[in-house]
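Down below is the structure, laid out as structure tokens.
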Amino acid sequence: MSSKNLMLIAKNSICLLIFPAFLFAQSGALWRVHDLYRTQPPIITPPQQYLPVKPPSDATVLFSQKQDIEKWQGMDGKPTKWITRDDYFECVKGSGYIKTKQSFGDVQLHVEWAAPTPAHGKSQGRGNSGVFLMGLYEVQVLDCYENTTYPDGQTAAIYGQNPPQVNACRPPGEWQSYDIVFHRPHFNSLGRLTSPARITVFHNGILVQDNVDLWGGTDWLKYRDYEAHADKLPLSLQDHGNPVRYRNIWLRELEENTPTTAPVVEAKIELSDADLQKYVGVYKKKEENDYRVELADHKLWLYTLSHRKYELIPQSRELFFARLTAIDIKFDLDNTGTPKGLSYTFTGDTEYAKRAE
Ligand code: MG
């Protein structure tokens, strides 16, 4: 074999190795969008639920009675043409998606829906609608009761991205529930993604999407990357041409996740090692050596009998705070500034320990 051929084989091998890695790095996906070779979620029978689930006191109710249709509008801002009954509304073919007048970011969302009965159509043509978080990220609504479709387009799929863990559908005509926890994506000032949207879904009480990262907006037939958008956007529901019904829609707006930071306790006075040395010793509650104070690395440390260790931050010559835990230590000083004992305060309870050495 010529050296030219060897080089060609080597080059092709590198391409074969790099190409899938590159593809997956871009999309995070191991499957192509709507891939029928993907494993079908196993079918399970969900337990009987007691619907409707009443909203908690802090919920924003988006639909519980006929008049609540006023909280929704067409995508053009005009009144929706969806049919409204007493406690539900129904999609009308060709009337278009509807969206809430209010905008939302991170939410806990409860939705009840029912597919048309008797069932008509097959695959994506049977009882198709969708719950679009922020109008961009679809949790699929579809009648997958005895109806097969591509797994990432199943009932409760994150459409085109992630199939549900199981198919927990009820028969068409029966009310079903989605309980969704949604965290919006975050973008920096340049519009670049800093954290993806995340979705958890319970379908009829069954966990089917477990804190799944989205790779972008959901779409039909294609991979769609993120595009920077507002922190809050309307919730929308899809008109896919099927008379799907919705009722009892409510949500709770969630506090956005903020990075956990250690509480900061700063020293109010500076004490030298010679000053701090005065506090070093053993402090006894009754007969036990309950507290030991040591000096190390120019810092004062409190050790408890339970072998816990706390850095003490001076607030005054008498009062010290533990840096990371809500423990206050007040030293009982004599007229030379030397501790005779200490008071240990935690959760409102104070114990006194007398200095033993
Ligand atoms: Mg849909």
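One-based numbering along the sequence shown.
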Which heavy atom of [X] sits nearest to which heavy atom of [Y], and what is that distance?
X      : Y      : result
Ser177 : Gly205 : OG-N, 4.1 Å
Pro314 : Leu312 : CD-O, 3.8 Å
Arg224 : Asp219 : CD-OD2, 3.3 Å
His229 : Leu233 : ND1-CD1, 3.7 Å
Trp301 : Ala296 : NE1-O, 3.2 Å
Asp106 : His183 : OD2-ND1, 3.1 Å

Count the heavy atoms of every other residue, nucleotide or ligand shown that sit under 6.0 Å from [atom1] of [X], and state whether that count exceeds 12.
X      : atom1 : value
Lys54  : NZ    : no
Lys81  : NZ    : no
Asp273 : CG    : yes

Side chain of [X], backbone of [Y]: donor and acceptor closer than 3.5 Å?
X      : Y      : value
Asp239 : Gly241 : yes
Asn242 : Asn128 : yes
Trp250 : Val53  : yes
Gln40  : Thr149 : yes
Asn188 : Leu190 : yes
Asn204 : Ala168 : yes
Glu227 : Gly191 : no
Gln238 : Ser236 : no
Thr100 : Leu235 : yes
Trp72  : Trp82  : no

message: Clusters formed by hydrophobic residues whose side-chain heavy atoms approach within less than 4.5 Å: which one holds Ile43, and what are its other members?
response: none
Hey, are [X] and [Y] close enough for a salt bridge, meaning a charged N less than 4.0 Å from a carboxylate O?
X      : Y      : answer
Asp35  : Arg38  : no
Asp231 : Arg184 : yes
Glu294 : Lys309 : no

Taking C-beta and beyond as the side chain, do [X] and [Y] meet within less than 4.5 Å on heavy atoms?
X      : Y      : answer
Pro185 : Thr194 : no
Pro196 : Tyr226 : yes
Thr200 : Gln209 : no
Val293 : Leu300 : yes
Leu142 : Gln154 : no
Pro46  : Gln176 : no
Leu133 : Val139 : yes
Val131 : Ile180 : yes

Same hydrophobic cluster for [X] and [Y], using side-chain heavy-atom links shorter than 4.5 Å among ILVMFWY?
X      : Y      : result
Leu254 : Leu214 : no
Phe132 : Val111 : no
Val201 : Leu109 : yes
Trp175 : Val141 : no
Val208 : Phe202 : no

message: Whether the Asp332 and Tyr352 side chains hold a donor-acceptor pair (N or O, under 3.5 Å, no angle test) is what I'd like checked.
response: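 Yes - a donor-acceptor pair under 3.5 Å links their side chains.
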message: Taking ring pair (Phe, Tyr, Trp, His ring centres under 6.0 Å) as the definition, give me every residue that meets it alongside His120, ordered by chain and number, with sequence neighbours left out.
response: none
message: If the condition is ring pair (Phe, Tyr, Trp, His ring centres under 6.0 Å), which residues does Tyr145 pass it with, not counting sequence neighbours?
response: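 With sequence neighbours excluded, Tyr145 shows a ring pair (Phe, Tyr, Trp, His ring centres under 6.0 Å) to no residue whatsoever.
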Which value, rounded to the nearest 0.5 Å, describes the distance between [X] atom [atom1] and [Y] atom [atom2]?
X      : Y      : atom1 : atom2 : value
Lys122 : Asp143 : NZ    : CG    : 14.5 Å
Ile313 : Arg323 : CD1   : CZ    : 3.5 Å
Ser316 : Phe321 : OG    : CZ    : 8.5 Å

Are [X] and [Y] near enough that their ring centres are under 6.0 Å apart?
X      : Y      : value
Tyr246 : Phe63  : no
Phe331 : Tyr279 : yes
His110 : Tyr178 : no

Residues two or more places apart in sequence or in another chain: which of them pass side-chain hydrogen bond (donor to acceptor under 3.5 Å, both in side chains) with [X]?
X      : value
Gln65  : none
Ser343 : none
Asp58  : Arg252

message: Could you go through Asp152 and Tyr159, starting from their C-alpha distance and side-chain angles, then the distance that decides it, and tell me whether this counts as side chain to side chain contact (heavy atoms under 4.5 Å, CB included)?
response: CA-CA 6 Å; Asp152 67 16; Tyr159 187 75; 5.6 Å; no
Result of checking Pro164, Pro163, Cys144 against Thr155 for side-chain contact (heavy atoms from CB on, under 4.5 Å): Cys144
field: side chain to side chain contact (heavy atoms under 4.5 Å, CB included) between Ile199 and Val181, worked out
entry: CA-CA 6 Å; Ile199 296 188; Val181 179; over 6 Å; no
task: Would you please test Gln124 and Tyr150 for side chain to side chain contact (heavy atoms under 4.5 Å, CB included) and show each step?
output: CA-CA 8 Å; Gln124 293 289 301; Tyr150 44 81; 3.4 Å; yes
task: State which residue, out of Arg245, Arg247, Arg85, fulfils the side-chain hydrogen bond (donor to acceptor under 3.5 Å, both in side chains) condition with Glu90.
output: Arg245
- request: Could you please spell out the steps behind the salt bridge (Lys or Arg N to Asp or Glu O under 4.0 Å) verdict for Glu351 and Lys285?
  value: CA-CA 8 Å; Glu351 291 178 332; Lys285 277 193 319 183; 2.9 Å; yes
- request: Apply the test side chain to side chain contact (heavy atoms under 4.5 Å, CB included) to residues Asp225 and Trp215: give CA-CA distance (whole Å), side-chain angles for both, the deciding distance (0.1 Å), then the verdict.
  value: CA-CA 7 Å; Asp225 208 346; Trp215 69 59; over 6 Å; no
